[in-house]
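Here's the structure we're looking at; comments come further down.
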There are 2 protein chains.
Amino acid sequence: MSEQPIEARMQRFKDVCREKAVKLTHQRWEIYREVAQTAEHPDAERIFQGVRERMPTVSLDTVYRTLWWLKDMGLITVLGPTRERTRFDANLSHHHHFVCSLCGLTRDFSSEVLDHLELPDTIQSIGQVQQTQVEVKGVCFDCAAS
Amino acid sequence: MSEQPIEARMQRFKDVCREKAVKLTHQRWEIYREVAQTAEHPDAERIFQGVRERMPTVSLDTVYRTLWWLKDMGLITVLGPTRERTRFDANLSHHHHFVCSLCGLTRDFSSEVLDHLELPDTIQSIGQVQQTQVEVKGVCFDCAAS
DNA sequence: TTAGGTGCAAATTCTTTGCACCCTG
DNA sequence: CAGGGTGCAAAGAATTTGCACCTAA
C-alpha cells in the first residue's frame, strides 16, 4: 500500500465504517479528514484547530477520543508518546532498540551494519543526516511466554 | 565507545564534573548512579524511587532537574517523549522517519531496502520481530538555512 | 564566601473521564 | 427508537517553576 490521495482515503474511511457497522458522525468525518489531508503528523491540538474552522462546536476531548478510535479502527497510526513517559539511558554508544509492542520493554542492541546504513536519495531533499537508528518492534520472550 | 561497567561510568562522571567545573552534589552522584547501573531505561519516577532508598530526602523535581542536566552534560541520553505530544498519521504504508533534531519536523520516506533489513543474531535472544523502522536524525533544510 | 543546587508546594501542560443530552443507523 | 457519540467541565498524570534555604568548591 502506498500514499493515497485524500479522496481515496475518505472513501476508504466510509467503507471501513460500513464494513464494521460503526457510526459515521460528522465529527469523525472531519477529524479523519484533517489527519488524512496532511503529511505533517499533526498533534491533537492542531487537528482540533483545523476541524474547528469548519465545525466550531467540536470539542478537544472528542478529537482525542476520535483519534484513538481511528487508531483502533486501523485507519491511522500514532507517533511519539502513547501513555509512556520520558526515559533515560547511560549507554552512550551508538545502539539500536528492540521495543516490545505488548509490554513496552526496550532493550539496546548494537550492530556495525545498522550503524552505517545506506539511505535512499530522497533523504537528500529533506535535510542533512546526522545519525540513523533502527527501531525493531516485536514481542519479547516474556510476553510471548504468557 | 562500548558498554561500560558502572565504576568506569562513575569515574567518568567525576572527571566530567571536574573538567567542566560544575558542582558534584550528593544528589547528582546518586541520581547518575541510578541511571548508570541499569540497562532498563528507567523513567524519572523509577529513578526517584531507587535514589530515595539511599537518600530519603531527595525530591522528584530534583531528579527531573538533574536528569536534564546530565543530558546537557552529555552523560546520558533521553528516550521517548521530550516535551513533545502524541501525533497522528494517516499514512498506513510501511515507511521510515526523518526527524529534525532542531525543530522536530518529522517527514516520512520509504525504502524497499530499509523495509527488509537483516538484523544481527543478538535479536534472537530478545524476542520475535514484527517490523523494523529506521529513524534518521538530522537537520532539515529550513533549520539549516536559518 | 558565594554561585548555584535543593526541597517544598503550587503551577502547567497534555490527556482522560463522568454525565446528561443528541444523533446515526 | 436505541445505543453509542458528543460537549462540557472537572479530574488526572507527568513534568516544570518560584522561592527561600543550604552546600560544594
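So that the names make sense, note that chain A is the first sequence line, chain B the second, and so on, each numbered from 1.
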- prompt: Is there a donor-acceptor pair under 3.5 Å between the side chain of B:Thr82 and the backbone N or O of B:Val78?
  reply: no
- request: Walking along DNA chain C from 5' to 3', note the first and the last nucleotide with an atom under 4.0 Å from a heavy atom of chain A, and give both.
  value: C:dC14 to C:dG25
- request: Could you check which residues of residues 69-85 of chain B get a heavy atom under 4.0 Å from DNA chain D? Sort them by number, please.
  value: B:Arg83
field: Atom-pair distance (CG on B:Leu60; P on D:dT17), nearest Å
entry: 14 Å
- prompt: Tell me: CZ of A:Arg65 to P of D:dG5, nearest whole Å?
  reply: 10 Å
message: Counting only side-chain nitrogens and oxygens, does A:Thr57 get under 4.0 Å of the OP1 or OP2 atom of D:dT6?
response: no
Distance-only polar pair, side chains of A:His96 and A:Asp108, donor-acceptor under 3.5 Å: no
query: So what does A:Trp29 touch, heavy atoms closer than 4.0 Å: a base, only the sugar-phosphate, or nothing?
result: nothing
task: Take B:Thr106 and B:Arg87, measure what side chain to side chain contact (heavy atoms under 4.5 Å, CB included) needs, and give me the verdict at the end.
output: CA-CA 10 Å; B:Thr106 303; B:Arg87 284 153 30 167; 2.7 Å; yes
- request: Would you mind classifying the nucleic acid contact of A:Arg28 as base, sugar-phosphate or nothing, using non-hydrogen atoms under 4.0 angstrom?
  value: sugar-phosphate
query: Heavy-atom contacts under 4.0 Å between residues 16-27 of chain B and DNA chain C, which residues?
result: B:Lys23, B:Thr25, B:Gln27
message: Tell me the interatomic distance from B:Met55, atom CE, to D:dT23, atom P, rounded to whole angstroms.
response: 11 Å
query: Roughly how many Å is it from CG in B:Leu67 to C1' in D:dT16, rounded to a whole number?
result: 13 Å
query: Under 3.5 Å, is there a donor-acceptor pair between the B:Ser101 and A:Gln130 side chains?
result: yes
- line: Between the NE2 atom in A:His41 and the CZ atom in B:Arg107, the distance rounded to the nearest 0.5 Å is 9.5 Å
- line: Between B:Phe88 and the options A:Phe48, A:Tyr32, A:Trp68, the ring pair (Phe, Tyr, Trp, His ring centres under 6.0 Å) test singles out A:Trp68
- line: Interatomic distance, SG@B:Cys100 vs CD1@A:Ile126, rounded to 0.5 Å, equals 11.0 Å
query: Quick check: are there more than 12 heavy atoms from other residues, nucleotides or ligands sitting under 6.0 Å from CD of A:Gln128?
result: no
message: If I take atom CZ in residue A:Arg87 and atom P in nucleotide D:dT15, what distance separates them, rounded to the nearest angstrom?
response: 11 Å
- prompt: Backbone N or O of B:Pro81 within a donor-acceptor pair of the A:Thr86 side chain at under 3.5 Å?
  reply: yes
message: Less than 3.5 Å apart, any donor N or O on the side chain of B:Gln49 or B:Glu45 sitting next to an acceptor on the other?
response: yes
- prompt: So how far is it from A:Thr77 OG1 to B:Leu92 CG, rounded to the nearest 0.5 Å?
  reply: 6.0 Å
